[in-house]
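Keep in mind it's a predicted model, so treat the numbers as computed, not measured. Labels below follow one simple rule: chain letters A, B, ... track the order of the sequence lines, proteins then strands, and each chain is numbered from 1.
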Amino acid sequence: MSAARAATGSTPTDRPAAAATAREGAAPAVSVRDVTKAFEGHQAVRGVSFDVGRTEFFAMLGPSGCGKTTTLKMIAGFEQPTSGEIAIAGRVANGEPPFKRDVNTVFQNYALFPHLSVRDNVAFGLRMKGVGRRERAKTAEEALERVGLKGYGRRPVPGLSGGEQQRIAVARALVNRPAVLLLDEPLGALDLKLRQAMQSELKQIQHDAGIAFVYVTHDQSEALTMADRIAVMHGGRVMQIGDPVSIYERPENRFVADFIGESSFLEATALGMRGDDRVEVELAGGAVVCGVGGARPRGSAVTVAIRPEKVRLAAAGDDDAGSAEENAVTGVVTSAVYGGSDTVYELLAPGGTLKARVAMDPGQGHGVSTYAVGDRVCARFAVAATVAIAPDA
Amino acid sequence: MSAARAATGSTPTDRPAAAATAREGAAPAVSVRDVTKAFEGHQAVRGVSFDVGRTEFFAMLGPSGCGKTTTLKMIAGFEQPTSGEIAIAGRVANGEPPFKRDVNTVFQNYALFPHLSVRDNVAFGLRMKGVGRRERAKTAEEALERVGLKGYGRRPVPGLSGGEQQRIAVARALVNRPAVLLLDEPLGALDLKLRQAMQSELKQIQHDAGIAFVYVTHDQSEALTMADRIAVMHGGRVMQIGDPVSIYERPENRFVADFIGESSFLEATALGMRGDDRVEVELAGGAVVCGVGGARPRGSAVTVAIRPEKVRLAAAGDDDAGSAEENAVTGVVTSAVYGGSDTVYELLAPGGTLKARVAMDPGQGHGVSTYAVGDRVCARFAVAATVAIAPDA
Amino acid sequence: MSLIRRHRWLQGAILLGPAAAWALAFIVVPTVLAVCMSFWKMRDFRLVKEWNLDNYSTFLEGDIYWRGLLNALQNGAMAAALAVALSLPLAHFIRFRVRRHKTLFIGAVVVALWLGYLLRVFGWRVLFGANGVLNTFLMDVGITQEPLSFLIFSRFAIVLTQTQLAMPFAFIPIYAALERVQPSLLQAAGDLGARRWRQFVSVELPLIAPALVIGATFAFILAFGDYFATSFVGPPSATQTIGNQVADNFRATINWPMGAALGTIMMLAILLVLTLPALATRLWRPAGRRRRDAAAPDTTDEGALA
Amino acid sequence: MSTTIESPAPARPAGPARPSGARRAALALRGRLPGLALDGTVALIYLFLYLPAIVIAVYAFSAGRTMSWPIDGLTLSWFETAYSDDGLMEGLRNTLKVASISTVAALLLGVPAGFALDRFDFPGKALFQRMLMAPFLVPGVVSGMALLSLFLELDVRLSLTTVVITHTTMLLGVFVILTVVTLQRWDRSYEQAAMDLGANELRTFWFVVLPNMKSALIGAALLGLTVSLDEITRTFFVTGTDNTLPMVVMSRLRTELSPAINAIGTTIIGISLLGLLIWSLLFRKRGATPL
Amino acid sequence: ACGGSDDDGAATSAAADGGTTTGASANASMETIRQCPVLNIITWEGYANDAYVRPFEERYGIEVKPTYASSDTELVAKAATQRGAFPVVSVNGAVRGRQAAAGAIQPLDVSKLEHYDGAPQQLRDALVIDGETWGTPQNWGVNPFIYDSSVLRADEVTGYDVLWNPALRGKVSLWNEVSLLYIGATVLGFNDDVFDLSDEQLDQIKERMLTLAPQVRTTWNSGGELVQLFTNGEVAASPGWASIYTQLAREGGGRFAQAVFEDSGANAWVDGLGIGADISEPCKEAAYAWINWMTDPEMQATLVRETGYGPAQPEAARFLSRELAEESGATRAEELLRKGIVRVDPARPDVYQRYTDEIVAGFR
Ligand SMILES: Nc1ncnc2c1ncn2[C@@H]1O[C@H](COP(=O)(O)OP(=O)(O)OP(=O)(O)O)[C@@H](O)[C@H]1O
Ligand SMILES: Nc1ncnc2c1ncn2[C@@H]1O[C@H](COP(=O)(O)OP(=O)(O)OP(=O)(O)O)[C@@H](O)[C@H]1O
Ligand SMILES: NCCCCNCCCN
Ligand SMILES: [Mg+2]
Ligand SMILES: [Mg+2]
């Protein structure tokens, strides 16, 4: 709860008047205020708040079962919040059925109508609005062209490939010119290459359409590459909201640090501050390192998170001391796994296991591991890349 | 066909006598000889040959529909080859029903029996062999323990998580001590974190059991990290067989270069050889680069493949010349995508689009793109990391 | 919120209302009425609503009614067993061996019904008669000297015709359940060393067990209540089935209350027979919990029967 | 009837250099035996299902009046007799009328009810479902008897209407259950998609749910027609002076046993089989099974 | 015989111009009759053949719709459960009491029956209870014993004892009907009042009849069924009806023979025409028209030709060949019926039915 509130960084929910004011003028495309959802005693969503800008690409990221779909469904109107408020383009939408909301959804499994042709699928929303047959067909064809499926109109839906279906689902939603497009893991079923292609395509479509996207995914790299802002969710709560860089570089808690990319966690004790936002800690094994973080009482437990790809390795030597800008720790290699473009080493280091993802030296042709299991190595990582967080936060 | 044959690097199929000899002594766990499979006119598998060593972890990797499952099914005995021969542990198995073959399968969807408890699932093979109830239960419990599911024996199968089901499927197969375990995308349905955890677990199990694994996947990183050897398939053919490093570093054709990891392809014309295995080419845009490859007639078309992560970038300057060991090309940045641990740039370069995946400088804290769209940059990549292949091979 | 609730409740009522009203008028009321009638009596061929237990005591005393009930139960049991036994290989074949034109194979099972029940029964009679195709053939070839008399007007003939009558109805649920059994499960069994027969017994059968029960139940009910086949091809002794006796009390002797009493007894018998397999299925699955697995027909199928 | 039966791959001719060839051929045959046994069993089962029909068809073309073997020459005259027999033709018309009206009525009542049962929970729901199935599950004599009791009590004149009521009652529960079962397998996200695209509940049902239930409904209707067309036990109780074909056939079988009846039966089954053939050829691609 | 009986000439023309009523009243009654939408008749098969129905329909311009009952009991039950549905109800000696008691039929207005007096007294009496006339006679018959002459010699067939003849082992069929009891009664000599047998007598009959079990191949319920059983070689002997024999004689090529046990208690019967209860006035008019139509001597002759049964109007003999007149006993009704047991309602129909069922259930 507190994490979620802190994360929103906008109007606190206990001041509804202020929220009302915010709605005038350019209200956010979607505004979710302290929303909870309980299913038969099970709390699927526990006090989630965020705003999505009018042309923002907003991602909801989190592991399976964290409440992403449920939140999206409440925005779409398929579920009603147990408490809290949802506004779409400044208008409170609680209680409104889906067909009255100015949002459209691209479903996880696409949910294309199997009994209709591609064109009739795309034209469905227009038909419901009472648009004439001719115009419907024309608009639908245009929409299909926009997603690169010109000439697909007459085809039946079953038998189309995943990528094609995905694009039709997008066209079907966009043709209604909604204020917000909701997408629930739209690329989950596609294979890697196709997924990557569709990612840039969707990004382009969002840009061209100039509307808000709320994009649900459990794939962090997808969220990082596509989104303007990301809400990281866990257990029905928002753990952190921010742009990709800040989410990745400055995780606020262990969950985010671990879920987004990889992190090694070293246990430490706070020693004191060094400057405004740098904290000096002593690792459980003895070494002193420095990281980014707020004030901590001296002696309190701190966890230090470091991304494997921020770690450089060198053979352990005499000058294995850190500097003001760089930490250094010595450890023993316990495993080395070749992964094509890089090798991942695990070191037994003070405070825990430290992972290092060592990219092939671009200047070097073949990927041969430099260090063997048992080698003592010195790991160096920038103070700016070291994040001090509360343990188990 | 030719690619497949060349790729096997073992007994040619038109000399069965030699193959027969090979069977004596330590015959391969699985030997697939020139196997084809036609479904009602559609050729699903077109002359595939490979051997799998007795304790080898062998991966079949390829895009959807390339014939992986079909090949696996022929090894298991669920399908019969249209032509060609399959031998298991040195014994020709064509025509033999699955229940007579010394192989077991972990199915793509696990295919656990929903009407049986976890233990009865695992004990099924033993029951078929006529092993007594007591011993069955004991052996099954041991197998469950081995896959980390001690105490799950009495549970019903429906309702177990994907990871649990996956491990039960493995236990159910292993309990029969087959010579070969066949696994058809066993991790396809799991999410990233779980998939990674299961990957190392499976690898461990294979190692402990000391038997051959034939592992089907369309996830290249899975194949690269797990397999001893990989057969890359495409359109029913084997495109290349080799260990992960050679598959990754020395793709033999464009398909492999593109499917395994990422590659940029630059169009070029052969100029001449430089040493035994280096070929010098002129890119379509003018620059001369050198890459790994066999002899090419001067003036013939060549495609040069370069992995994005092998490319280093620097602001374009005066000394943008290559060296004997390093190529250099100048290009204009057309896109830059932030991806957490790295940034991917696309350059308009001579011969085509050149991608560069630039890892965050480990010494640097925040991921900020160094170059902007429109910048002229110099891309450098090692000659050893440049592969010359036939165009459209 | 509460308004929406009520609104939704109203929606349900509108959708359900007509069927519920129909059910009340033509299921509940007639059943209650029939049960009431079984406690009334006829006087001078007119219904008199005086409550009494005479019909039931007549049933208990009348040897012939017991025989009628037993005949019907026996018919039902035989037909159920045979209809399921024949449906299984057929369903298995269509599910796992037929690739194209499944519709044709399935449809052919149902279309066999369209000849009409009477003509089908009659066809058997013609086929098996003393001058029928079979006997003529057997005698011409010299296998028999006299027409075989057990072929018709016999228990054998009843079992045969009723099995045929009931088979499509047993087939439908069994096939539907089998359609939901993934071939990979059988492959897995084969992979684990089960020969075809064991695959069938150890995997296929348990997976469709509930549907077998449903199919057997359909077949049982049809043969249990049937009396045309018995009177057309059965021996005289078998013409007395409880179904026949119900009909006769209405169409012949005009003793509606007696007919209603026998009908009520039939209902009770069916209820008993229906609950037995439900109990058995519950015991069959030691895993206990009722669950919707891949192969089991939906719980509503079971629920409707249980 | 070009049908394909899955069979093991044809045995390859064993190459001369392979001593294992003969053994492999034997293996292949042994592997195929259980399959062949099954094929044979299935052929016998279909024969069993169709023997009466074959017999009836043979005698429909037989010139003689009595149905003994061998037949006395061939004729088409029984078909002529049948088609000009007012009683039979009226019976046929009545049967089709009853079957189609009761099927449609049961669909109109049952599909919305099944829909509601899928969506709404209320106390006694399971009981209600069971109650609806009762007329189908209880032997025909019993439900016929119960309905006749009602009609007698209310002094309702027996007619085709009472027959329609009886048949509708019999089919109602089946259709409700079929609807519920179909909807349980139906992915709700299609409905959500429709609503998301601006369709209210009613239009969602009409434009999306119903079209997708089509094959299930066709299956239900076929089942309904099948059951209704052949219904005698219930009809017997509640029929008035207008008779359905089975009732006419029954009364004819009791008296003259005219081969014209064979001609009618042969016509019905002939047309059905033809229809089935056309249907399965037309819908082969989709693989849609009506049941 | 009172007045109102038509002279010969009028009767002859009845079929042609609709009876002897004067033109005006005929028109009036025609008008009324046409208001009856359908004339529903419940009767035995054979009593509503096209030969009588078609010309009637043409004459009166209304549709006749027969419903056939397959047994006496069904005749009672159908008329009783569908009161008001059938303006014309076949009434016979064995069911008149039950039909009347169940309220299925109403007493006739004899004055509207044009040919009532033409029927022999004995036939008319068979359909009268306590002075109320419930039906007018239409046909009568003495049920023959039918057998396959290749199995039995004519001289062996002298009475129902023949059923026990070893040559008939497994070749006998019996009518599944209470007449079984009358056969047993005849064999046991209980001829006094077969319609009111005591329980002891019934028990004895049952016991005796059950000794037939090895002889009996099957029972039959309808005439057509017995014809099939004979022609298909399933059975070689059975008590039957004249109409069945007529059919067998036509199809069996002389293989089948019949015997009428005139002196040892053959079953005899009288079928008549009655009017259903609770019917509309126009339909009642139409019903009377039908009754008069069917009892017209010329139509009676047609009926004889169609069914082989004796005509209730001896007059019919005039329209029949001498042979047929002789065979059908057209002019000998009273004499023949006196020898047989003319069926009337049993005193305890339900008990009789139960004994019948028990006997049948004991065969094999
Ligand atoms: N209709 C429902 N009834 C009961 N529980 C539900 C319902 N829908 C969702 N839940 C539960 O709420 C929690 C959140 O579900 P939700 O579908 O929102 O997760 P998610 O983040 O979308 O996960 P995924 O990535 O697996 O789609 C889960 O524990 C789920 O089991
Ligand atoms: N039983 C079959 N009948 C007809 N075609 C088939 C059959 N099985 C597979 N195919 C076809 O053979 C080709 C190869 O199929 P296969 O299942 O082996 O692919 P795959 O490599 O396993 O793909 P995926 O990754 O999607 O599982 C496909 O084009 C497929 O459609
Ligand atoms: N085919 C007409 C049959 C008529 C038989 N009547 C018998 C009456 C016995 N009571
Ligand atoms: Mg979800
Ligand atoms: Mg596959």
* Asked: So does B/Lys129 have more than 12 non-hydrogen atoms from other groups sitting under 6.0 Å from NZ?
  -> yes
* **Rounded distance [0.5 Å steps], CG in C/Leu207 versus CG in B/Leu116** => 8.0 Å
* Atom CE of C/Met267 with >12 non-hydrogen neighbours under 6.0 angstrom -> yes
* Asked: Is there a donor-acceptor pair under 3.5 Å between the side chain of B/His115 and the backbone N or O of C/Ser202?
  -> yes
* Structure fact -> Honestly, the part of C/Arg198 sitting under 4.5 Å from a heavy atom of chain B is side chain
* Structure fact -> Between C/Ala188 and B/Ala111, the two heavy atoms sitting closest are CB-O, 3.9 Å
* Kindly check if the number of other-residue, nucleotide or ligand heavy atoms within 6.0 Å of CD (B/Glu135) is above 12? => no
* Which is it for B/Lys100 and C/Arg195 under the side chain to side chain contact (heavy atoms under 4.5 Å, CB included) test, yes or no, and what are the steps along the way? -> CA-CA 9 Å; B/Lys100 293 214 175 131; C/Arg195 288 158 175 279; 3.6 Å; yes
* To do: Identify which part of B/Arg155 has an atom lying under 4.5 Å from any heavy atom of chain C, answering side chain, backbone, both or neither.
  => neither
* Contacting moiety of B/Arg101, where chain C heavy atoms sit under 4.5 Å -> neither
* Structure fact -> Counting heavy-atom pairs under 4.5 angstrom with chain C, the leader among B/Phe113, B/Phe99, B/Phe124 is B/Phe99
* Structure fact -> Highest number of heavy-atom pairs under 4.5 Å with chain C among B/Ala173, B/Ala169, B/Pro178, B/Pro98 belongs to B/Pro98
* To do: For residues B/Met128 and C/Leu192, report the shortest heavy-atom separation together with the two atoms involved.
  => CB-O, 3.7 Å
* Structure fact -> So, the part of B/Asp120 with a heavy atom under 4.5 Å from chain C: the answer is neither
* Asked: Under a 4.5 Å heavy-atom cut-off, does chain C meet the side chain of B/Leu182, its backbone, both or neither?
  -> neither
* Within the distance-only criterion (no hydrogens, no angle test), does the side chain of B/Asn104 pair as donor or acceptor with the backbone N or O of C/Asp191 below 3.5 angstrom? -> yes
